[in-house]
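Heads up, the thing below is written out as structure tokens.
Quick caveat, the model's predicted, so the values are computed rather than measured. Proteins get letters first, then strands, A, B, ... in listed order; numbering begins at 1 in each.
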Protein chains: 2
Amino acid sequence: MTKDETSGGKRPTLKDVALAAGVSVATVSYALNDAGSVGGDTRRHVLDVAARLGYRPNLSAKAMRTGKTGAIGLILPDLTNPFFPALAQNVVHAARESAYSVFVTDTQGSHEAERAAAQALIQRGVDGLIWFPINDEDTLADLTGGLPVLVLDRDNPRHDLIQIDVDSGGRMAAERLIRAGHRRIGVISGPTDVRSSRQRSESSAEVLRRHDALAWHLHNAYSFDLEPAVAAAVTDGSVTALCVGADLIALGAINALRQRALRVPEDVSIIGFDNIPYGALAFPGLSTINIPVEEMGIEAVNTLLRRIAKPAESRRRLVFDVTYVERGTVAPPPTR
Amino acid sequence: MTKDETSGGKRPTLKDVALAAGVSVATVSYALNDAGSVGGDTRRHVLDVAARLGYRPNLSAKAMRTGKTGAIGLILPDLTNPFFPALAQNVVHAARESAYSVFVTDTQGSHEAERAAAQALIQRGVDGLIWFPINDEDTLADLTGGLPVLVLDRDNPRHDLIQIDVDSGGRMAAERLIRAGHRRIGVISGPTDVRSSRQRSESSAEVLRRHDALAWHLHNAYSFDLEPAVAAAVTDGSVTALCVGADLIALGAINALRQRALRVPEDVSIIGFDNIPYGALAFPGLSTINIPVEEMGIEAVNTLLRRIAKPAESRRRLVFDVTYVERGTVAPPPTR
DNA sequence: GTTTTCTAATTAAACGTTTCATTTTTAAGG
DNA sequence: CCTTAAAAATGAAACGTTTAATTAGAAAAC
């Protein structure tokens, strides 16, 4: 409908609009941006002509002039990790609400790639970065300069933070199992180079210790496949319940149990952490600790955009609550 | 390490490098881009100085001058659909290989959002678009103009295409079940407004009909939850096997069966389609048709970049083969 | 009627590149 | 040693915006 009238093939520029409207380029710019002082009649006329020509500002030019690109970068460890797509989705949507676009990057768990990605984004001139670091290492320290950065789920002294109250999550899980009557409970934690990950299991373990119910505390990589030692511990009858620091590992544990003909939850109860979508599809559904990842995505964008607007404001640190989601993997311990 | 020496706080520009190297801006530009004619010594010297100052080109400026942004847009229906993250990941990586960045957008299955997203990307000046349309409707027809677009898994007369040989996939699935000895087989297909989706099930159904083994052919939305009629048909004993047009629906069928205490694969065999990561984590693992989504992502980028480089080249249409992945949901029909 | 103030509009510079057209330098040819 | 050609380097315009500085015009103040 709003095709270019003077159809020269190219997209119309400010100059074209100015020419067609019979005013100067500056006036068009002012009118379009509600800036400067433009008379009511002229403004209307300019807007009209611009619409008729189908004028769209050239954002590259705008970016060069203003130094702002209207784009932000999202740096994630791994898009195929089921935790992240929902986050990415909400970041993209929240950004679009504010007319920002999002460069998404996934670093495959490599620090090298993380740095390369950040560098590429900075060079692109993004106005800010939302960064979910691989682990606790601050690999971008020397790269970001004064660029607004929002860090997710990690500590970082230099940037705005959005964190998760993992302590309370870890406690909730442990308490739920205690409440169900379990007294021999194993804890499996995820990656040890991530504080937030260690903390989850640590708080679980602490609660269990207090009830004298901690059978053992092991580690496993963030993976569906259990390491042999862990698989053995899970299935050797030493525990009636598991507190697992990540859903993916929890699903792996369920799998290991089933392969040895043990039933969940009749023989072993399990609670995970993350509430990844897989969990809801399992049978029975995995009981877990939910992280409000959608809200986090939205809030990440909002916080970042505020920081972009007001770089000098004092550092923000948001903490999100988690909730326990009961599905089907918790039952009383087997009686025998 | 490579900080700006003349540390004025701002990032060094071509001019700064030129000044520091004692040559003209043009020479620096030529040297950096291996263009024009620059003497060997000068070239080395310029490169040296540029490195020392930590010069990075301002891509907005470059974009304005050249009309190319070095960015592409990726438009997907829904990032939380487990089919897409792997695609997105590979698109992002392949693009980075060629120094392109990717704007990722997810349209939540709305045509409105699809158009809005495309418009935003075009305005941003992306050099091309990789588009996985929601259904067969060509909603962007009037927007893309001469912009290079690569369409995934759909037909479109105007653009380069990357498709999947779904016919052969549908046949493979049906034949596998026949080979296992099943003679009462149900077919569940996904969204009906997508040709590629209809086709999967249609080819399955055709094979089954030929063997006089098609019990029924039903539809279900792309969802884990089965519509009542479908759930009933799945569990009423009318079939010993299911050919399902999408893994997510297949997992829903397994769930429905389990809730009625039917076993997979002992009572009912199931083959899905897509090979989404969930399937591998189920117990038993879901047998399915694998779509080489990683390669598709890479090839999508390659094809798009070739089109960007050579807009006039004749239209390309790539078809990817699928493969059958045997896991644990296929067994001979129950004997009774 | 002249000066002042305010508003509306314009001119032109600037942002950081690329690249065409031009000048300067070097090398080759006689 | 002079002329010519080739190579190397430069100057300046252009890309599409924003915005500071300026001018023109109209209304207000004296």
Side-chain angles (χ1 to χ4, degrees), chain A residues 4 6 8-47 49-50 53-71 99 122-127, chain B residues 4 6 8-47 49-50 53-71 99 122-127:
Chain A
D4 47 329
T6 61
K10 308 209 32 71
R11 265 173 49 180
T13 76
L14 269 195
K15 200 157 112 188
D16 297 325
V17 177
L19 230 56
V23 298
S24 76
V25 176
T27 300
V28 177
S29 174
Y30 285 134
L32 257 34
N33 296 315
D34 272 331
S37 58
V38 183
D41 288 350
T42 350
R43 159 161 290 133
R44 269 184 295 280
H45 180 223
V46 167
L47 261 45
V49 172
L53 296 188
Y55 169 77
R56 302 268 152 215
N58 176 326
L59 296 189
S60 295
K62 186 176 217 149
M64 176 168 60
R65 180 59 229 238
T66 62
K68 299 253 159 266
T69 52
I122 292 170
Q123 182 170 170
R124 273 243 131 62
V126 293
D127 297 341
Chain B
D4 46 328
T6 61
K10 307 209 32 72
R11 267 173 47 180
T13 75
L14 269 194
K15 201 157 110 185
D16 297 325
V17 178
L19 230 55
V23 299
S24 74
V25 175
T27 302
V28 177
S29 174
Y30 285 135
L32 257 34
N33 297 316
D34 270 331
S37 57
V38 184
D41 289 349
T42 347
R43 157 161 292 133
R44 270 184 296 279
H45 178 224
V46 167
L47 262 45
V49 172
L53 296 189
Y55 169 78
R56 302 269 151 214
N58 175 327
L59 296 188
S60 295
K62 187 175 216 148
M64 177 169 59
R65 179 61 227 238
T66 61
K68 300 253 160 265
T69 52
I122 291 170
Q123 182 169 173
R124 274 241 130 61
V126 292
D127 296 342

Nearest-Å distance for atom pair [atom1]/[atom2], residues [X] and [N]:
X: B:R44; N: D:dA9; atom1: CZ; atom2: C1'; answer: 16 Å
X: B:Y55; N: C:dT17; atom1: OH; atom2: P; answer: 3 Å
X: A:D16; N: D:dC15; atom1: CG; atom2: P; answer: 11 Å
X: A:M64; N: C:dT18; atom1: CE; atom2: C1'; answer: 11 Å
X: B:K15; N: C:dT17; atom1: NZ; atom2: P; answer: 11 Å
X: B:D41; N: C:dT26; atom1: CG; atom2: C1'; answer: 14 Å
X: B:Y30; N: C:dT22; atom1: OH; atom2: C1'; answer: 11 Å
X: A:R11; N: D:dT17; atom1: CZ; atom2: C1'; answer: 13 Å

Are the side chain of [X] and the backbone N or O of [Y] linked by a donor-acceptor pair below 3.5 Å?
X: B:R124; Y: B:T69; value: no
X: A:R11; Y: A:G54; value: no
X: B:T66; Y: B:K62; value: yes

Options [options], nucleotide nearest the side-chain atoms of [X]:
X: A:N33; options: D:dT18, D:dT10, D:dT19; value: D:dT18
X: B:T42; options: D:dA21, C:dA8, D:dA9; value: D:dA9
X: B:R65; options: C:dT10, C:dT17, C:dA13; value: C:dT17
X: B:T27; options: D:dT18, C:dT18, D:dA9; value: D:dA9
X: A:A26; options: D:dT18, C:dT10, C:dT18; value: C:dT10

> So does B:S24 get a side-chain nitrogen or oxygen closer than 4.0 Å to the phosphate oxygens (OP1/OP2) of D:dT10?
Replying inline: yes
>> If the cut-off is 4.0 Å, is B:T66 near the phosphate of C:dT18, judged by side-chain N/O to OP1 or OP2?
In response: no
> Within the structure shown, what part of the strands sits under 4.0 Å from A:S29 by heavy-atom distance: base, sugar-phosphate, or nothing?
Replying inline: base
> For A:P57 and B:S37, take the nucleotide of DNA chain D holding the closest heavy atom to each; which residue's nucleotide lies nearer the 5' end?
Replying inline: B:S37
>> If you assign each of B:A61 and B:G22 to its closest nucleotide in DNA chain D, which residue comes earlier from the 5' end?
In response: B:G22
>> As a quick check of understanding, evaluate side-chain contact (heavy atoms from CB on, under 4.5 Å) for A:Y55 and A:L14, giving each step before the final call.
In response: CA-CA 8 Å; A:Y55 169 77; A:L14 269 195; 3.5 Å; yes
> B:A18 and B:V28: which non-hydrogen atoms are nearest, and at how many Å?
Replying inline: CA-CG2, 3.6 Å
